[in-house]
Q: 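Below are the structure tokens for one structure; questions will follow.
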Protein chains: 2
Amino acid sequence: MVDMARWGPMLETAGIRVTSQRLLVLEVLAAHRLPVSARRVHAELQDRGATTGLTTVYRALASMTEAGLVHAFTHMGEGVYRLCGSASHHHLVCRVCGMVAERQEDIVDGFRAEEVYGVCATCESAESGSRRCSTTTGATADPPEVTESR
Amino acid sequence: MVDMARWGPMLETAGIRVTSQRLLVLEVLAAHRLPVSARRVHAELQDRGATTGLTTVYRALASMTEAGLVHAFTHMGEGVYRLCGSASHHHLVCRVCGMVAERQEDIVDGFRAEEVYGVCATCESAESGSRRCSTTTGATADPPEVTESR
DNA sequence: GCAGCAATGAAAACCATTGTCGTTATCATG
DNA sequence: CATGATAACGACAATGGTTTTCATTGCTGC
């Protein structure tokens, strides 16, 4: 059931022990383009019949994040996680649709940006009206799937 | 004790009721260049002899954030708050020293940035060594005071 | 002065995340 | 293949920031 051949070497080269739970977590992450929460990963594992505990999901995500396989977006209300693409880049995260785009080029002089939260062009044009100073007005996870830009 | 003349009109024009607690919260915020947490605000109010409860501090911050007087950085482990400068801008937040800088100009095409997390030039040069994909390695509040750039 | 209503404060509830601890799986050796 | 060390697991409890509840207080307009 677990695609060991695909994810096993990844964990090995990352220097962390290969376990069935971590492989399962990687599979769930791979099935999503948008970042997903720990509880969401856990729920999908339950659906698959796995008995993996939520605690273990958290620990798997933590170790894989530290190993650089996964990127953790803990700056949002509920932490969400996504498989890491290339190394050394920053992310654009749309707080409306949840889209994440990876960029290489520097965007601000004298500041190494790592995570950029805002509104993507699509949602910007869809949005109507009031613009305020307040930027932290919610935006919970799990919006409809959106293609990763660029 | 409360500089009513200074903050009262601000609350009035913002359309929210002027209360002694909100004035006190504004005073505490004004005394800090870096964003401060709700509990920190509460602690400083206690130090001043005020009996304001932590609940009220949260509510005052929430209403003033909604009114646009305060900017809430709830994307960090513990939410932090800062007086709003001008309207319509984005913030650069250094995850090492906590510095916040306001910028007007757009930084990314096709994306309206609201909050940019990363490392400022000062901390970048001070930092030594390993650069990894993982970007969420802590950085708690209340570092030494740092001048706001630009 | 008084009704109506928002604001307050204390305590409890919430909820994502982390610690604890006994058990189990993995890996390297003998 | 057996074994011992060590890391990972899973269930549960605890943590801590934030929000809700609810009874009380205090403006605001009449």
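Values below: every heavy atom of this structure, side chains too, minus hydrogens, waters and symmetry copies. In what follows, chains are A, B, ... by sequence order, proteins preceding strands, each numbered from 1.
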Q: Output the rounded distance in Å from CG (Leu11(A)) to C1' (dA8(D)).
A: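 Going from CG in Leu11(A) over to C1' in dA8(D) covers 13 Å.
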
Q: For a quick test of reading the model, state the closest non-hydrogen atom pair linking Trp7(B) to Ala30(B) and the distance between them.
A: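 For Trp7(B) versus Ala30(B), the nearest heavy atoms are CZ2-CB, 3.4 Å.
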
Q: Once you round it to whole Å, what is the distance between C1' of dT20(D) and CG of Leu54(B)?
A: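 For the pair Leu54(B) CG and dT20(D) C1', the rounded distance is 14 Å.
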
Q: When rounded to the nearest 0.5 angstrom, what distance separates CG in Asp47(A) from NE2 in His42(A)?
A: 10.0 Å

Q: Listed by chain and number, what are the side chain to side chain donor-acceptor pair (under 3.5 Å) partners of Glu12(B), not counting sequence neighbours?
A: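 Partners of Glu12(B) under the side chain to side chain donor-acceptor pair (under 3.5 Å) test: none.
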
Q: Could you measure the distance from the NE2 atom of His91(A) to the CZ atom of Arg103(A)? Nearest 0.5 Å is fine.
A: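 Result: 11.5 Å between the selected atoms.
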
Q: Indicate the ring-plane relationship of His71(A) and His89(A), choosing parallel, tilted or perpendicular according to the 30° and 60° boundaries.
A: tilted

Q: So, Arg22(B) side chain and Arg17(B) main chain: donor-acceptor pair closer than 3.5 Å or not?
A: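 Yes, Arg22(B) side chain to Arg17(B) backbone: donor-acceptor pair under 3.5 Å.
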
Q: Who pairs with Glu44(A) by side chain to side chain donor-acceptor pair (under 3.5 Å), at least two apart in sequence or on another chain?
A: His32(A), Arg40(A)

Q: Round to the nearest Å and state the distance from His42(B) atom NE2 to dG16(D) atom C1'.
A: 15 Å

Q: Using rotation axes that map the C1' atoms of four end pairs onto the next four (five pairs an end), what angle separates the end axes of the helix from dG1(C)-dC30(D) to dG30(C)-dC1(D), to 10°?
A: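 Both end axes considered, the difference amounts to 30°.
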
Q: Taking only side-chain nitrogens and oxygens of Arg17(B), does any of them come within less than 4.0 Å of OP1 or OP2 of dT28(D)?
A: no

Q: Tyr58(B) has an atom OH; how far is it from atom P of dT18(D), in whole Å?
A: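 Rounding to the nearest Å, OH of Tyr58(B) and P of dT18(D) are 3 Å apart.
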
Q: Testing the basics here: between Val100(A) and Pro35(A), what is the closest heavy-atom pair and its distance to 0.1 Å?
A: CG2-CG, 3.5 Å

Q: If the threshold is 4.0 Å, N to carboxylate O, is there a salt bridge linking Glu115(B) and Arg95(A)?
A: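 Judged by the 4.0 Å cut-off on N to carboxylate O distance, Glu115(B) and Arg95(A) do not form a salt bridge.
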
Q: Name the residue closer to the 5' end of DNA chain C, choosing between Ile16(B) and Arg39(A) according to the nucleotide with the nearest heavy atom.
A: Ile16(B)

Q: Please produce a list of atom pairs where a protein N or O lies less than 3.5 Å from an N or O of nucleotides 21-23 of chain D.
A:
none

Q: Separation of Glu12(B) atom CD from dT28(D) atom P, in whole Å?
A: 9 Å

Q: Can you give the first and last nucleotides of DNA chain C, 5' to 3', that have an atom under 4.0 Å from a heavy atom of chain B?
A: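 Contacts span dA6(C) to dA11(C), reading 5' to 3'.
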
Q: Take atom CG of Leu61(A) and atom P of dA8(D), then tell me their distance rounded to the nearest Å.
A: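 Those two atoms, CG and P, are 14 Å apart.
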
Q: For Glu27(A) and Arg48(A), what are the C-alpha separation, side-chain angles and deciding distance, and is it a salt bridge (charged side-chain N to carboxylate O under 4.0 Å, His left out)?
A: CA-CA 11 Å; Glu27(A) 283 211 339; Arg48(A) 293 188 185 199; 2.9 Å; yes

Q: Need one value for Thr52(B): base, sugar-phosphate or nothing, where a base atom within 4.0 Å counts as base even if backbone is also close, heavy atoms only.
A: sugar-phosphate

Q: Under 3.5 Å, which donor-acceptor pairs do the side chains of residues 51-62 of chain A form with other protein atoms, sequence neighbours left out?
A:
none

